[in-house]
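First up is the structure itself, then whatever we jot down about it.
Letters A, B, ... mirror the listed sequences (proteins, then strands); counts begin at 1. Everything numeric here is computed off the predicted structure, so don't read it as measured data.
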2 protein chains.
Amino acid sequence: MASLSLLELRHLRTLAALDETGSVSRAAKRVHLTQSALSHQIKVLQNHYGLPILRRQGQSIELTEAGQHLVTLARKVLEEIQATERNLAKMSEHASGSLRIVLECHTCFDWLMPLMDAFRQNWPEVELDLVSGFHSDPVQLLEEGSADVVIGSEQIERRGVVHHPLFRFEILAVLAPEHPLRAKKILHARDFAGETLITYPVPEERIDLIRNVLKPAGVQPERRTAELTVAILQLVASRRGIAALPSWGLKNYVEHDYVIARRIGSQGLWSDLYVSTLAETATRPYLRDFLVTARNTCFATLDGIIPLKPADQ
Amino acid sequence: MASLSLLELRHLRTLAALDETGSVSRAAKRVHLTQSALSHQIKVLQNHYGLPILRRQGQSIELTEAGQHLVTLARKVLEEIQATERNLAKMSEHASGSLRIVLECHTCFDWLMPLMDAFRQNWPEVELDLVSGFHSDPVQLLEEGSADVVIGSEQIERRGVVHHPLFRFEILAVLAPEHPLRAKKILHARDFAGETLITYPVPEERIDLIRNVLKPAGVQPERRTAELTVAILQLVASRRGIAALPSWGLKNYVEHDYVIARRIGSQGLWSDLYVSTLAETATRPYLRDFLVTARNTCFATLDGIIPLKPADQ
DNA sequence: AGAGATTTATGAATTCTATTCATTAATATT
DNA sequence: AATATTAATGAATAGAATTCATAAATCTCT
């Protein structure tokens, strides 16, 4: 198979990202390159094929017919590659074992469930489990050997433990549509004074809003807890209080005017999500595959999240 | 589609070449890189997947199971890419026109026929033809506009005309199995003295053996001509004389002991094959596709040929 | 309207990495 | 045994992809 083709997988990866994000700069974040790099890549391809691949449509972009062709190719090819890489992974050592997940982030259930289903299909020989209950020191579970991965927002520095960044997300304040604060575009610490805060049943220091915003400002609202995201939203909608939740989980409820969402602070309140494992576990092929598919499904499903660069890249 | 995969198409192209040639150095020639470059590529892949991709088997190599997986992937992916690149090519301008081929090299019929069939399938809108008859100045046909492509062994420097190297091949002397010269491993100019040389019906200066070997040595054997390769071989087998033909066309006949083949001169007599077109024609997408598939099929079908680096690479 | 924020495009500089070069060890050929 | 091939490897190089700096265009919000 002679070349005379300068096409590389890197191009296909950007094409796919371009299609998924609909913008050069968002696509750039997705593939962990600069917007400029992608712009150059596109230019090279367009020159090579003598055809425009994307058209600038006002602020954003639109793929041309040629671009669509390439995206279709990209999808097919990248999927085939992932499939054979999985096969290769299964041929290597440590191809089986257990993946017992501790979920620190309650809202993550939303995307974790379908992910686990997909993973179970691809790795039937791996023992997949969800470790339930609250744990004051989840990383310790790794060290004890009673769990394999922790999904959470903290990078607890402990030797022998590795943190794999997943994405950055925004935490929004959630109010009933009729709430007096609805007039404000942005909520600040003092706005929470006198309100009831509805949270998951976890200690204060695990709640970003309290730890990073309210506590420093000396604001201490009442608290009320609920186990499930829907329960929290129900309480908010029935005007029992305010909640603070990741933006992605709110989309549907906001669109149906069940609740309204507001930014917290002028820059917004952001948090990073990590997958933490023992260094040893990190080398396991099925763990690497889990990470890849986790990123893929999250970027595909969740709106408004920002890719974080994997440590090993 | 996140990365975490360092695999690139370049690797897949190498893998395919490795499988087809069964040796690192031959594969390197095929993809126009050094043996060292491929060795490094392989090393990187092996480290990345933690699996051996090929095993050194004495002098040559053998693909491992992992290697086979990757080769299968490579085949599929590279084919899909070529398909969509063809689609893109058809969307560009100049996607149709004519491809009238002048064949200077008679033996090339062998591989040109199946190639033309394949091409006709892929480019039904291109008028494909074979320009028959002998032409003293084939390149002139290009300039006159009565042909589009010349397949031959000479790089005639003429402005506006481009030569696309295909491959280098060896010309072997062909003898009847009982011929007295059979004892010699290598034939030299003087060995041809007193023999009858059986050739295609073309002028002396078009016959490499005469021009490059016999004439310089002052040897002038008798000549007898035949139109078809089989006819020439038939004459040789029935001891009417000696012929000089490209090695690839001889394989079957030699294996069945119909004739025997001998190297000419200690280094062998080699010739390069070019596809010549007008510079303008060279940019046509269907011409580029023709070149790519020509190289592919030749390398896949013909034994003992050496890849030549395309001018535009 | 105008200021500010965000988007893509582009040329130049830089960094990175794939390839070549030079060499060795191993295997095959004569 | 001598010679020619083949693959592997570390260091040097060349080349190309990416970043940086910037401009032009578009959108948003007072």
Inset, instruction - Would you classify A:Ser25 as touching base, sugar-phosphate or nothing, given that sugar-phosphate means primed atoms plus P, OP1 and OP2, and contacts are heavy atoms under 4.0 Å? - result: sugar-phosphate
Legend entry - Whole-Å distance separating the CZ atom of A:Arg55 from the C1' atom of D:dT26: 18 Å
Atom pairs and distances, side-chain donor-acceptor, residues 168-181 of chain B, under 3.5 Å, sequence neighbours left out:
residue	atom	partner	partner atom	Å
B:Arg168	NE	B:Asp272	OD1	2.6
B:Arg168	NH2	B:Asp272	OD1	3.4
B:Arg168	NH2	B:Asp272	OD2	2.9
B:Glu170	OE1	B:Arg263	NH2	3.1
B:Glu170	OE2	B:Arg263	NE	2.8
B:Glu170	OE2	B:Arg263	NH2	3.3
B:Glu178	OE1	B:Arg239	NE	3.4
B:His179	NE2	B:Glu195	OE2	3.2

Inset, instruction - Output yes when B:Glu85 and B:Arg288 qualify as a salt bridge under the 4.0 Å nitrogen-oxygen rule, no when they do not. - result: no
Legend entry - Between C:dT17 (P) and A:Glu8 (CD): distance, integer Å: 15 Å
Legend entry - Under-4.0 Å salt bridge between A:Asp191 and A:Arg262: no
Inset, instruction - Specify the angle, to 10°, made by the local axes at the two ends of the helix from C:dA1-D:dT30 to C:dT30-D:dA1 when five pairs are taken at each end. - result: 30°
Inset, instruction - Could you run through nucleotides 19-30 of chain C and give me one letter per nucleotide, 5' to 3': B if any protein heavy atom sits under 4.0 Å from the base, S if only the sugar-phosphate is that close, - if neither? - result: SBB----BBS--
Inset, instruction - Output all residues satisfying salt bridge (charged side-chain N to carboxylate O under 4.0 Å, His left out) with B:Arg86, sequence neighbours left out; order by chain, then residue number. - result: B:Asp289
Inset, instruction - Describe the nucleic acid contact of A:Ser60 in one word from base, sugar-phosphate, nothing, applying a heavy-atom distance below 4.0 Å. - result: nothing
Legend entry - Nearest-angstrom distance from the residue atom CD of B:Gln46 to C1' of D:dA7: 12 Å
Legend entry - Exercise: do B:Ser23 and B:Ser60 side chains pair donor with acceptor under 3.5 Å: no
Legend entry - Qualifying residues under side-chain contact (heavy atoms from CB on, under 4.5 Å), relative to A:Val254, sequence neighbours excluded: A:Leu250, A:Val259, A:Ala261
Inset, instruction - Please state how far atom CG in A:Leu6 lies from atom P in C:dA18, giving the value in whole angstrom units. - result: 16 Å
Inset, instruction - Please confirm whether A:Phe167 and A:Trp248 have ring centers closer than 6.0 angstrom. - result: yes
Inset, instruction - Quickly work out the B:Ile53 CD1 to D:dA8 P distance and round it to whole Å. - result: 11 Å
Inset, instruction - Output every pair passing salt bridge (Lys or Arg N to Asp or Glu O under 4.0 Å) with a member in residues 242-254 of chain A, not counting sequence neighbours, ordered by first then second residue. - result: A:Lys251-A:Glu255, A:Lys251-A:Asp303
Inset, instruction - Specify the separation, in whole Å, of atom CG of A:Asn47 and atom P of D:dA16. - result: 15 Å
Legend entry - Lys/Arg-Asp/Glu bridge criterion (N-O < 4.0 Å) met for A:Arg284, A:Glu93: no
Legend entry - Nearest-Å distance for atom pair CG/C1', residues B:Leu54 and D:dA8: 11 Å
Legend entry - Separation of atom CD in B:Gln267 from atom P in D:dA4, rounded to whole Å: 11 Å
Inset, instruction - Among the candidates C:dT10, C:dA9, D:dA8, find the nucleotide nearest to the side-chain atoms of A:Lys43. - result: C:dT10
